[in-house]
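Data first, discussion second: the structure below is written as structure tokens.
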Amino acid sequence: QWTLALNSLRRMVTCNGPTVRQWCAFNLPAVVLTCAHRRPDRIKGVLNALSTDSDVETRGTLAKGIHEIVAVLADSEVLRKETVVALAALVTDQNNQVRLNSIENLALDMVNLSAKQKNHESSKELEKVFSSLEMLSQDSWRTQEVLARELGNMAHLCSQEVLCNNVAPVLFQMARESTYLVRKAGMIALVNVVRYIPDVRRRDHILKHFRTQWARGKVYWTRLAFIEGAFRAVEVFSRKLFRDLFAAELFNLVHDPVANVRLRLGVLFERMIPACRDSPDFMKALGVLCADKDPQVSEEASIVHRRLQEFKGLSETALQEDMAKEDAEKKFFVQKQKTKEKNKPEPDLNALEKEKQPDLKDAATSSHPMGVSSERARSFTNRNQSEQLIGAKPTPVTPTLGNNPPPQPVPMVATPPVQTEAAPAAPAAGVSNAPANTAGTGSAAKPASEAKPKKSCFACFS
């Protein structure tokens with residue numbers, strides 16, 4: 001009975017009527033829920049066919065309920081791979097509405113796929129999705145806002161490489177190029193991403209860019225975006241880590257020339273009371289805001305000052321939660337120690353090269369008796385040899401009698417003998433060890449290029 005029903009579904013999925021295929025996509029979550037554990041082989045191929053359907057409405061309907069299908073098929077050994085491929089196809093679809101429908105519950109899909117996985121294997125399965133985030137960031141501002149929200153909610157399930165190489169750059173790009181709502185969602189998501197990067201050096205590298213390009217940005221809305229991120233940081237980080245990462249830069253913003261930035265900072269100061277009430281810099285910054293020329297800023301700062309005086313400390317529950325956050329951060333964040341070789345300062349290779357170049361030049365110059373370089377010496381020798389070949393007269397041959405062979409003519413130009421560093425061999429009997437001079441050439445000097453090559457100045461770093 002189930003086989004007959006599922007065979008009918010397969011025929012309807014591949015029929016010519018787009019309306020029939022659209023209703024198949026609408027009912028597929030219910031079909032998967034009731035039939036996937038009975039005959040998974042009969043459902044195989046249906047999800048792939050609907051996710052690549054030629055009708056846009058069919059793909060959009062499937063994308064709207066794909067999270068329900070993922071929740072059921074994530075644990076299926078037969079259909080899990082097909083489900084991941086279908087999800088990636090919908091997220092990277094050519095139609096904007098299909099992409100928006102598919103990413104509305106992307107964080108929930110990631111949770112279902114990671115339920116029984118270890119070492120962030122689900123983020124490796126969705127590598128196609130993360131590699132296409134830049135394309136998704138070019139959509140409308142509504143799609144960008146949803147994407148930033150979902151990326152922030154799934155940051156704890158992604159690997160460090162994905163967060164640093166794919167997620168964080170896209171969040172920075174969307175926040176800089178889009179609207180206020182996208183910027184606010186992007187900053188909240190970015191703080192979540194920073195929280196789940198275990199390598200302290202890579203985490204601090206992203207925060208350094210966040211401080212220099214946003215908290216100290218030339219445009220006022222970049223500084224407002226940094227404050228919005230700090231609102232989220234108060235909730236995510238422990239009091240100690242928040243002070244270390246954000247407090248100093250926030251205190252400097254009390255001197256911002258834009259009143260809206262100082263006003264938003266005053267609202268943030270009320271959230272910072274539990275973490276910074278004992279800090280002298282916090283009291284000094286609050287005093288600057290209380291004396292601000294803008295009446296709204298000074299009024300907001302006065303409210304914060306009254307709340308500070310009324311604050312009696314954290315409750316027992318809040319104190320335990322903060323201690324739990326601090327312990328979790330100590331276990332999660334890893335400070336990778338460099339080895340002794342890495343701690344050594346790297347040599348300036350350019351400086352070493354400049355130091356070695358004069359020595360090579362002096363060696364080349366000293367190899368010629370006139371003090372010129374070896375290159376110029378070779379050019380002079382070649383020119384003299386050419387002139388001798390052109391102006392030399394042939395040696396007349398003296399006729400001889402009998403069977404004695406005629407004497408061999410003396411060659412016009414002789415190649416200078418190649419000298420080596422080995423000790424000269426003992427001369428044979430009756431043979432002179434000195435080379436015979438040719439017509440007008442004499443004994444040529446040994447070029448510097450034929451000398452024994454010096455050891456490269458970069459050999460010690462190879």
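Count residues from 1 along the sequence. Excluded from the calculations below are hydrogen atoms, water molecules and symmetry mates; all remaining heavy atoms, backbone and side chain alike, are included.
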What pair of heavy atoms forms the shortest contact from [X] to [Y], and how long is it?
X: Arg211; Y: Phe226; result: CG-CE1, 4.2 Å
X: Gly60; Y: Asn101; result: O-ND2, 3.3 Å
X: Cys35; Y: Leu6; result: CB-CD2, 4.0 Å
X: Glu300; Y: Gly266; result: CG-C, 3.9 Å

For [Y], is there any backbone N or O sitting under 3.5 Å from a side-chain donor or acceptor partner on [X]?
X: Arg239; Y: Glu326; result: no
X: Asn105; Y: Leu108; result: no
X: Ser114; Y: Val111; result: no
X: Glu82; Y: Gly45; result: yes
X: Glu329; Y: Ser238; result: yes
X: Thr34; Y: Val31; result: yes
X: Arg262; Y: Val254; result: no
X: Glu150; Y: Ala107; result: yes
X: Arg223; Y: Gly217; result: yes
X: Arg99; Y: Gln94; result: yes

Is [X] salt-bridged to [Y], going by a charged N under 4.0 Å from an acidic O?
X: Lys116; Y: Glu121; answer: no
X: Arg21; Y: Asp55; answer: no
X: Glu235; Y: Arg232; answer: yes

Is there side-chain contact between [X] and [Y], with at least one heavy-atom pair below 4.5 Å?
X: Val170; Y: Met174; value: yes
X: Val191; Y: Phe231; value: no
X: Leu241; Y: Lys325; value: no
X: Gln213; Y: Thr222; value: no
X: Lys81; Y: Glu125; value: no
X: Gln160; Y: His120; value: no
X: Val167; Y: Val162; value: yes
X: Asn96; Y: Thr143; value: no

Counting only heavy atoms from other residues, nucleotides and ligands, does the tally under 6.0 Å from [atom1] of [X] exceed 12?
X: Phe333; atom1: CZ; value: yes
X: Tyr220; atom1: OH; value: no
X: Arg271; atom1: CZ; value: no
X: Gln138; atom1: CD; value: yes
X: Gln173; atom1: CD; value: yes
X: Met135; atom1: CE; value: yes

Arg183 to Trp141, cation-pi by 6.0 Å centre distance and 45° axis angle: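 Because its charged atom misses either the 6.0 Å distance or the 45° angle limit, Arg183 does not stack over Trp141.
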side-chain contact (heavy atoms from CB on, under 4.5 Å), paired with Val32, selected from Val46, Leu73, Leu47: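 With Val32 as partner, side-chain contact (heavy atoms from CB on, under 4.5 Å) holds for just one option, Leu73.
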Please walk me through it: do Lys64 and Glu104 pass salt bridge (Lys or Arg N to Asp or Glu O under 4.0 Å)? CA-CA 8 Å; Lys64 199 71 176 179; Glu104 284 182 345; 3.1 Å; yes
Do Gln117 and Ser122 have side-chain N/O donor and acceptor atoms under 3.5 Å apart?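 Short answer, no.
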Give, for atom [atom1] of [X] and atom [atom2] of [Y], the distance between the pair rounded to the nearest 0.5 Å.
X: Asn153; Y: Met110; atom1: CG; atom2: CE; value: 12.5 Å
X: Leu207; Y: Glu249; atom1: CG; atom2: CD; value: 11.0 Å
X: Leu157; Y: Leu163; atom1: CG; atom2: CG; value: 10.0 Å
X: Asp256; Y: Ile227; atom1: CG; atom2: CD1; value: 7.5 Å
X: Ile103; Y: Gln144; atom1: CD1; atom2: CD; value: 9.5 Å
X: Arg201; Y: Ile206; atom1: CZ; atom2: CD1; value: 13.5 Å

Contact list for residues 268-299, test ring-ring contact (aromatic ring centres under 6.0 Å, His included), sequence neighbours left out: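 For residues 268-299, and leaving out neighbouring residues, the ring-ring contact (aromatic ring centres under 6.0 Å, His included) pairs sorted by first residue read Phe269-Phe282.
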How are the rings of Phe210 and Phe246 set to each other: parallel, tilted or perpendicular (split at 30° and 60°)?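 The rings of Phe210 and Phe246 stand perpendicular, inter-plane angle above 60°.
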Output every pair passing side chain to side chain donor-acceptor pair (under 3.5 Å) with a member in residues 35-51, not counting sequence neighbours, ordered by first then second residue.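 Counting only pairs at least two positions apart or across chains, the side chain to side chain donor-acceptor pair (under 3.5 Å) contacts touching residues 35-51 are Thr3-Arg39, Asn7-Arg42, Arg39-Asp41.
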Set out, in order, the CA-CA distance, both residues' side-chain angles and the distance that settles salt bridge (Lys or Arg N to Asp or Glu O under 4.0 Å) for Asp199 and Arg203, then state yes or no. CA-CA 6 Å; Asp199 191 351; Arg203 180 201 71 186; over 6 Å; no
